[in-house]
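A short write-up of the structure that comes next.
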Amino acid sequence: MSRDTKAHELDELNDVDLESKLREAKEELFNLRFQAATGQLESHGRLRTVKKDIARIYTVVRERELGIRTAPGTKDEATA
């Protein structure tokens, strides 16, 4: 992920793509933490951004479980 991910962008992903995005973000976070531990990290702000992206993904997944959000392609969308 090259930039801050928005929740409405995550709404467009199906569950498989969302899981893939989560896996990528966790891998990037691991690499950033490793760089920070070895003193090679150049952008400390990126660490914070990736953590927030992971939290957003978990939020979308949980809201889908609770029925607050719907996955793309489902017809039973809630009215606001």
E63 atom CD, neighbour heavy-atom count above 12 within 6.0 Å: yes
Path from L41 to F30 over hydrophobic side-chain contacts below 4.5 Å: no
Minimal non-hydrogen separation, R64 against N14, with atom names: NH1-C, 3.8 Å
Residues that E42 engages under side-chain hydrogen bond (donor to acceptor under 3.5 Å, both in side chains), provided they are two or more places apart: none
Spacing of R56 atom CZ and K21 atom NZ [to the nearest 0.5 Å]: 11.5 Å
Test applied, side-chain contact (heavy atoms from CB on, under 4.5 Å); reference residue, K26; option that passes from N31, V50, I54: I54
Separation between CG of L22 and CG of L13, rounded to the nearest 0.5 Å: 11.5 Å
Heavy-atom donor-acceptor pair, S20 side chain to V16 backbone, under 3.5 Å: no
Separation between CD of E27 and CG of L32, rounded to the nearest 0.5 Å: 11.0 Å
D53 vs E28, side-chain contact (heavy atoms from CB on, under 4.5 Å): CA-CA, chis, key distance, verdict: CA-CA 11 Å; D53 286 347; E28 184 177 357; over 6 Å; no
Cluster link L18 to Y58, ILVMFWY, side chain under 4.5 Å: yes
Minimum heavy-atom distance between P72 and D11, given as atom pair plus value: CD-O, 3.4 Å
side-chain hydrogen bond (donor to acceptor under 3.5 Å, both in side chains) against E19, all qualifying residues, sequence neighbours excluded: none
SB check E65 R62 (cutoff 4.0 Å): yes
